[in-house]
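Heads up, the thing below is written out as structure tokens.
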Amino acid sequence: MNKVSFEVQGRIAVLRLDNPPVNSLGHELREALVAELAHANADSGIDAVVLIGSPAGFSAGADIREFGTPKAAAYPNLRDVIGEVEQSAKPLIAAIGGVCMGGGLELALGCHYRVAVSGARMALPEVKLGLLPGAGGTQRLPRLLGVEAALNLIVSGATVSSDKLRGTPLFDAFADGDLLQGAVTFARRVVAEGLGRKRVRDLTLDGYGAEAFFQFARNTIKAAAGPYPAPLACLEAVAAAVERPFDAGLKRERELFASLMLSPESAALRHVFQAERAASRIQGVPDDIPARPIRKVGVIGAGTMGGGIAMSLINAGLPVVLLETQQEALDRGLANIRRNYQGALRRGTLSEAGLAERLALINPTLDYALFRDVDLSIEAVFESMDVKRQVFETLDGVMQQGAVLASNTSALNLDAIANFTRRPQDVIGLHFFSPANVMRLLEVVRGAKTANDVLATAMRLSKTLGKIAVVSGVCDGFIGNRMLARYAAAAHDMIMAGALPQQIDAALEDFGMAMGPFRVGDLAGLDIGWARRKRLAAEFPDRDLSNVADALCEAGRFGQKTAAGWYRYEPGTRQPAADPEVSALIEQYRRKKAITPRPVSSQEIVERCIYALINEGARILEDGIAQRASDIDLVYLNGYGFPAYRGGPMFFADQTGLHQVVRSLQRIAAQPGSDVGVWTPAPLLTRLAQQGQTFNGFKGSAK
Ligand code: NAD
């Protein structure tokens, strides 16, 4: 099908972009556009040309799936197209509505005039992929909006409404009614009044005071950009628009774009962008399977997780029945929810009316009878199989047929939970992360019997809640916590070997982790793991589960809640300070275990902790617990503070080279005292390294 249609209205040609869903500027569309433009220019019955999109919008920009493929560069590339548009002998008018972003906006900037409607969404978001607008956007937008306004848009990548830009030279006219008719009328005026072609490249840019402005902006951007090179490159490109003639500026833009395209940061961000799109596809589940309607949700347990989950649901406008067994626990849970919202009220992110609206969506109860008409229940009670059994048996008795029954368990076997009911096909895991109303990640746990449409329902719900869902199979800890256990053990090994918590945290934070493992431990509370180890020790008396954290807990150091854990905290602050008492406790513990400390480098810390994650990720991928390597990356990026500019642990491994990862793991496995079972490279990792492949190229099959 032709991706650009050609119509005629009197002596005006209308070229309509037609590449659903959002007119991405793929190769076929680009070819068609150049051909239809030539057609219009060759037709003596045509005086001017209107370029318009579909009801969804003008164009959302480049087709990111083409990045890095021969199609992206194949003639005509976007710059060629914009060149043709700009050189068109007949006046060319862009008719802008809906989305007009990235390459779409650059295309509109290449046209001779722009007519818009109210509410069009305008952006140059390339910086969010670690790039800059590489088809003239950095040269043309400043000529229309001025340097400062253009730079703000380009560096932030923010979307602004066309209404905000109304009255600027970006738009030559606004269509108050039908966009096409408005644009055609404008085109007729251009012809009638002999206005000819107005090319943005011919406009001069006032450079007065620009140098001082750029110096100021350079400092601000440098400070805010962190490890990302793109924001500063955006500035340099805009500076070139002021400092150089148009074509030389374009050339500079091109050079900067090419170097960003090769940067690891951009590769990582593009990987994440695609990973998010891939995650919603579930192996063995057709894309078009209808989800079950979710109009009302029941949450069981109003503790830390139940409260956060309820907030996440009501924030999305879903009514919630919140159940506890005791009035006191229910009151406590509701008070926590109210306190949380009051914080948002104080910060000005929520209005009084918004608060009242949200609270009105919660129906607190001690009675399961209210679960008769909910479409989904989410259980967040204590992590005990006996309690879960009681809850699921009760739910099975009261909930309507076709309703979905979810558990937020962190580590219990979901299949066992499903079998407490007579409808295991309707049972699924929805593993939220704490705080559930804030964290974007949702692990959707697929039980052995979970029905396809129940999975589709969970994925749809995650979208409604604004979360990123990743499907995990059933195993101890699912994807995230199973890997975390290896990472935490590696950090513990480093303490035993001779490092201190602050050194390990600093090394991993320098690597880019949002927070080192010991700061996270203090935040979460060390007593939780301690209690679990004591429970397990009673269950498995022959296993050595001891941990240096036990020594801290025995000394009453539970983390931030006791103002002392791996660090010391001044009363009322969350600022960790290294504590000599902790060093002494660690030394004592090492002596008890007859370990002589040795110097440990930051490099060794990072290598062990991150490679432990990668090796377990490889096993998870091979076992089919994760469907694809990029899903594992999303879990770590959105749930565990892995730096986005490294693209997630599996992408980082691919970038490092799997050979190199294998060699390092083998070296660690061969060291005295290493747990060979843990450190031996996973079979999949070894195989891919031998074949010169990558995790992200691996198409495994999930169970
Ligand atoms: P919590 O102790 O804060 O809350 C549990 C709540 O459940 C309590 O309010 C309790 O009164 C209530 N409850 C207990 N038995 C009940 C029953 N039979 N019926 C109704 N309510 C009952 O615990 P939490 O941290 O919110 O954890 C809840 C679940 O979520 C656990 O399975 C846990 O593993 C999982 N989880 C926790 C986290 C986390 O970071 N805390 C993260 C993900 C998942």
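Just so it is clear, the values below take in all heavy atoms, side chains as well, and ignore hydrogens, waters and symmetry mates. Positions are given from 1, in the same order as the sequence printed here. Keep in mind that this is a model prediction, so the values were computed, not measured. All ligand and atom numbering here is 1-based and tracks the order in the structure.
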Which is closest to [atom] in terms of heavy atoms, [options]?
atom                    : options                        : value
atom 31 (C) of ligand 1 : Leu412, Asn481, Asn336, Val381 : Val381
atom 10 (C) of ligand 1 : Glu383, Gln390, Met305, Glu324 : Glu324
atom 5 (C) of ligand 1  : Ala380, Ser434, Gly306         : Ala380

Between the side chains of [Y] and [X], is the shortest nitrogen-to-carboxylate-oxygen separation below 4.0 Å, so that they form an ion pair?
X      : Y      : answer
Lys561 : Asp527 : yes
Arg533 : Asp544 : no
Asp426 : Lys449 : no

Please report which non-hydrogen protein atom sits nearest to [atom], along with the residue it belongs to and the distance in Å to one decimal place.
atom                    : result
atom 20 (C) of ligand 1 : Ile300 CG2, 3.6 Å
atom 15 (N) of ligand 1 : Val387 CG1, 3.6 Å
atom 19 (N) of ligand 1 : Thr325 CG2, 3.5 Å
atom 44 (C) of ligand 1 : Ser410 OG, 3.0 Å
atom 43 (C) of ligand 1 : Phe432 O, 3.2 Å
atom 4 (O) of ligand 1  : Gly303 CA, 3.3 Å
atom 2 (O) of ligand 1  : Phe382 CE2, 3.4 Å

Using side-chain heavy atoms (C-beta onward) and a distance below 4.5 Å, is [X] in contact with [Y]?
X      : Y      : value
Phe652 : Pro643 : no
Val299 : Val321 : no
Met483 : Pro649 : yes

- Task: Please step through side-chain hydrogen bond (donor to acceptor under 3.5 Å, both in side chains) for the pair Lys593 and Ser546, ending with a clear verdict.
- Result: CA-CA 10 Å; Lys593 296 271 172 185; Ser546 61; 2.8 Å; yes
Can a cation-pi geometry be assigned to [X] and [Y], taking NZ or CZ under 6.0 Å from the six-membered ring centre and within 45° of the ring axis?
X      : Y      : value
Arg277 : Phe273 : yes
Arg543 : Phe540 : yes
Arg608 : Trp679 : yes
Arg646 : Phe511 : yes

- Query: Would you say ligand 1 has an N or O under 3.5 Å from any N or O of Asn408?
  - Reply: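 Between Asn408 and ligand 1 (N or O atoms, distance only) the closest approach is under 3.5 Å.
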Which atoms from ligand 1 have a heavy atom of [X] less than 4.0 Å away?
X      : result
Thr409 : 32 (O)
Val391 : 18 (N)
Ala329 : 11 (O)

- Message: Using a 6.0 Å cut-off, check whether atom CG of Asp476 has over 12 heavy atoms from anything other than its own residue.
- Response: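 At most 12 heavy atoms, drawn from other residues, nucleotides or ligands, come within 6.0 Å of this atom.
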Is the contact between [X] and ligand 1 made by the side chain, the backbone, both, or neither, using heavy atoms and a 4.0 Å cut-off?
X      : value
Lys388 : side chain
Phe433 : neither
Thr304 : both
His431 : side chain

- Message: As a test of the contact definition, would atom 23 (O) of ligand 1 count as having a protein heavy-atom neighbour under 4.0 Å?
- Response: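 Within 4.0 Å: no protein heavy atom nearby.
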